[in-house]
Amino acid sequence: MRQLTSRILAAAARRYLGRKGGFDLAKVGMLPDRTLVPLRRAGIDPIPELGAIRDQAPVSRLPVPFGLKVWLVTGYDAAKQVLADGDGFSTDFANLAPGVAGPGGLGFADPPEHTRLRKLLTPEFTMRRLARLTPRIHEIVEDRLDAMAAAPGPVDLVAEFALPIPSLVICELLGVPYADRADFQRLAMARFDVFGGADASLGAISESLDYLRTVVETQRRAPGDGLIGMIIREHGDEVTDDELAGLADGVLTGGFETTASMLALGALVLLSDPAAFQLVRTTDEAAAPFVEEVLRHLAVVQVAFPRFARDDLTIAGTQISRGDVVIVSLSGANRDPVLGPNLEHPDPTRTPTSHLAFGHGLHRCIGAELAKMELRAAYPALVRRFPGMRLAVEPAELRFRPASIVYGVESLPVRLG
Ligand code: HEM
């Protein structure tokens, strides 16, 4: 979703600044500090200001330029209320102004379009369909660990572990032909290339959409076993090639960077907490609650898609007017004290609490179970294979992303021990 940040900002900029073309992400630095509070962090934690804002009120005004009226929701109950209210809120960018093109995909469609498209995807994400991926996920993880073990010197867990695992799992899920996987990996990486800048990333988006369109066209003639082939087989006449390529692209956007960030930051939690490391290494049953706790704690998708109020309505006593924009802070909601004590610290022995890391309501993450399968397979395998693993740099030297919707660490050099 890195490119999502730039696409959202670009849509807003085009509307309010009358600009054409790309939006320079560097300009994010020109937004008032208070505007960026929900996206800023100190290490893995949201900055304390976010909690202070939530302590004052679960819904507050976010100062935003471009003449937008924007609300920030930080309380858990209020966040759930907004995310559950599909009638009161839209995620369609046309709400900013008629004709404004949004980022596209499931997340930015409203019912009935959203319902129709989501129904095509849902059967591919049932536990029964996902179960076919379990052995492949374990193989993919083991292959990565083998490659890491064979590498000389410190290993970057982001490049060697966190990025390749979800990208290969998505190839498997979609049914990308084996011969194309190296190219697909390259495209997926380019989309999220930190150093490529927004333009390089936008180029990679259209390249990967073009590529997915050719996969769809080929599979129209000979449907494969993956998601693309299954949808063609079962609903081929209900969906155009462009729509199907767009859905596949949405799965890549939704499932790649998010899971990669969780793999890297969850590994960092393990490296920073020897007791958690030992627990996940030695106790099979510890993996599932650890995954739940880090999902809550890290809340890598920091804010939900923007919601546009369709009517005047009230959230937690605050009047929201029709047309207002509502930003739900998932990282704020996940640490709301209504969920339990001491939520500022990751505690893998905690009885899992409710959380909104995957959102809630009609846009709740369709890939939540798949993501959990990957995380439950990957964390224990990592610490079991490399019980002496430790950070190869001082924690203070780690570079995190400055302000992006999906939070992450740029690289995570480790010595495998
Ligand atoms: C740990 C990893 C993941 C996290 C934290 C995450 C988080 C989220 C969140 C918070 C939303 C809802 C946003 C909102 O309501 O505004 C969402 C939606 C979505 N996610 Fe995920 N996600 C993850 C993995 C995945 C995976 C593995 C896939 C697919 C392979 C995926 C595909 C999607 C799609 C297609 C949507 C849009 C659903 C809709 O609008 O109906 N995500 N995700």
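Everything numeric here is computed off the predicted structure, so don't read it as measured data. Every number for a ligand or one of its atoms is a count from 1 in the order of the listing.
At most 12 non-hydrogen atoms from other residues, nucleotides or ligands lie less than 6.0 angstrom from CG of D225.
In this structure, the side chain of R307 does not engage the main chain of V328 through any donor-acceptor pair within 3.5 Å. A donor-acceptor contact shorter than 3.5 Å links the side chain of Q302 to the backbone of L39. Counting only distance, with no hydrogens or angles, the side chain of N334 and the backbone of H355 share no donor-acceptor pair below 3.5 Å. The backbone N or O of G255 sits less than 3.5 Å from a side-chain atom of T259, completing a donor-acceptor pair. Checked by atom type and distance alone, the side chain of Q319 never pairs as donor or acceptor with a backbone atom of D312 at under 3.5 Å.
Distances between N or O atoms of G254 and those of ligand 1 include at least one value under 3.5 Å. Below 3.5 Å of separation, one finds an N or O of R118 facing an N or O of ligand 1.
The closest approach between a heavy atom of R307 and any atom of ligand 1 is below 4.0 Å. For the ligand labelled ligand 1, residue L362 lies inside the 4.0 Å heavy-atom shell.
Heavy-atom proximity to T259, at under 4.0 Å, picks out these atoms of ligand 1: 2 (C), 24 (C), 27 (C). Every atom of ligand 1 is numbered from 1 in the order shown, and the set under 4.0 Å from a heavy atom of A304 is 14 (C), 16 (O). Which parts of ligand 1 touch A357 is read off a 4.0 Å heavy-atom cut-off, strictly below it: atoms 5 (C), 7 (C), 10 (C). Close approach of ligand 1 to G107 (heavy-atom distance below 4.0 Å) involves ligand atoms 40 (O). Close contacts between ligand 1 and A371 involve ligand atoms 1 (C), 2 (C), 24 (C) [criterion: under 4.0 Å to a heavy atom]. Near M262, meaning under 4.0 Å from one of its heavy atoms, ligand 1 places the atoms 1 (C). The distance from ligand 1 to the heavy atoms of G359 drops below 4.0 Å at these ligand atoms: 10 (C).
The side chain of L330, and not its backbone, has at least one atom closer than 4.0 Å to an atom of ligand 1 (non-hydrogen atoms only; side chain from C-beta on). At a heavy-atom cutoff of 4.0 Å, ligand 1 is contacted by both the backbone and the side chain of C365. The part of V301 lying near ligand 1 is the side chain, judged by heavy-atom distances below 4.0 Å. At a heavy-atom cutoff of 4.0 Å, ligand 1 is contacted by the side chain of H114 but not by its backbone.
For the atom pair CG (L174) and CD (E124), the distance works out to 10.0 Å, reported to the nearest 0.5 Å. The CD atom of E374 lies 10.5 Å from the OG1 atom of T134; values are rounded to the nearest 0.5 Å.
Between R384 and D284, the shortest heavy-atom contact is NH2-OD1, 2.9 Å.
Compare R364, E124, H363 by their heavy atoms: the one nearest to atom 12 (C) of ligand 1 is in H363.
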Which side-chain N or O atoms in residues 81-91 pair as donor and acceptor under 3.5 Å with protein atoms at least two apart or in another chain?
residue : atom : partner : partner atom : Å
Q81     : NE2  : T314    : O            : 3.4
D85     : OD1  : D87     : N            : 3.3
D85     : OD1  : G88     : N            : 2.7
S90     : OG   : D92     : N            : 2.9
S90     : OG   : N95     : ND2          : 2.7
S90     : OG   : D110    : OD1          : 3.3
S90     : OG   : D110    : OD2          : 2.5
T91     : OG1  : G107    : O            : 2.8
T91     : OG1  : H363    : NE2          : 3.4

